[in-house]
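The sequence lines fix the lettering, A, B, ..., with proteins before strands; numbering per chain opens at 1. Below, all heavy atoms of this structure are taken into account, side chains as well, without hydrogens, waters or symmetry copies.
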Protein chains: 4
Amino acid sequence: MIVEISVVPIGVGESLSRYIAVAIQVLSKMGLKFELNPMGTVFEVGDFQKLAEVLEEIDRSLFESGSPRNYFVVKIDHRKKGGKMEDKVRSVIQKTK
Amino acid sequence: MIVEISVVPIGVGESLSRYIAVAIQVLSKMGLKFELNPMGTVFEVGDFQKLAEVLEEIDRSLFESGSPRNYFVVKIDHRKKGGKMEDKVRSVIQKTK
Amino acid sequence: MIVEISVVPIGVGESLSRYIAVAIQVLSKMGLKFELNPMGTVFEVGDFQKLAEVLEEIDRSLFESGSPRNYFVVKIDHRKKGGKMEDKVRSVIQKTK
Amino acid sequence: MIVEISVVPIGVGESLSRYIAVAIQVLSKMGLKFELNPMGTVFEVGDFQKLAEVLEEIDRSLFESGSPRNYFVVKIDHRKKGGKMEDKVRSVIQKTK
């Protein structure tokens, strides 16, 4: 399944980049291949349990970094027959030509 | 943590209510207290693993009901020191008076 | 079209209810019928321009209330042939019986 | 303001890439600089009215392409003192080093 998460720590001031960096480092340490964009981070996971582990670790790391409240927006795209993140972008780009 | 999920089965036609009903029944069977609104369903869960179980069961049920692709939008609000869904609405309403 | 907005002022501390109340009062003053839930507010608008007016007014009011940065999550459900917010919930509930 | 939109036409089958391509072409024709990712498209707009024009044009184009129902997820990040999409990613990457 393909996932995008946006992480918004609440109560740490206006600048969030230090906290987003913490989240990114969690993904890195967990060995996930991810794509950072200006509004979120996209990655693939095998199942919902793995996704929960990722979110749990980010949540814990943000609390440890001083955030008192974490807000997440998570989009999940799950096809019965698979579907890869590279294919989605490639497929759209081909059709714009 | 307080969670809102929106479930969008893709590839089952324009009317989704039959599938949303399937998702709602999963929440019911799992004993969760939830609030259905026109754009999603709000409930509380203890942790990310429990949330994963809920999503996994909805995902599986939708595939079984004929959906070939499930799209989810999940918002999560997690406070280090708790936070209840009734309190959020009550707190806002008090401040509008 | 049916819309849900979640408003997250960033840089105003951990408690957001005072700011959500400001957003709710904007909807009220604009004469919109809305439903507040613990994770967002659902309402109907006739078109995207009207939605923009609503968001603009909330955004401006939050800046005036002291928020230096506003984060919004907006879901929009637009059917070519209409669709009312009451009908969505009623239709799902009927199918869970 | 920085915006991410995810476009989900409902009732057109399982494969959506043809429709996402339509949305992308709207952004292109409107002269917006955008970044396509596997779960959405990120771009900058000056104000909410401009965002409404973009959404309206995508909505109309999708209806014309055969979609009977359009679902959008829109995230908006608006700072009182500006904020550029390149800066957000750069700022995070610097802090992961």
C/V92 versus chain B, the contacting section by heavy-atom distance below 4.5 Å:
both

Relative to chain B, which segment of C/I24 carries a heavy atom at a distance below 4.5 Å: side chain, backbone, both, or neither?
side chain

Between chain B and chain C, which N and O donor-acceptor pairs fall under 3.5 Å? A table would be great.
unit_1	atom_1	unit_2	atom_2	d
B/E4	OE1	C/K75	NZ	3.2
B/S6	OG	C/K75	NZ	2.5
B/S17	OG	C/S91	OG	3.0
B/S17	OG	C/K95	NZ	2.8
B/Q25	NE2	C/T96	O	3.2
B/P38	O	C/K88	NZ	2.9
B/K75	NZ	C/E4	OE1	3.2
B/K75	NZ	C/S6	OG	2.5
B/K88	NZ	C/P38	O	2.8
B/S91	OG	C/S17	OG	3.0
B/K95	NZ	C/S17	OG	2.7
B/T96	O	C/Q25	NE2	3.2

Highest number of heavy-atom pairs under 4.5 Å with chain B: which of C/L16, C/I93, C/L36, C/V73?
C/L36

Do you know the tightest heavy-atom contact between B/V42 and C/M39?
CG1-CG, 4.0 Å

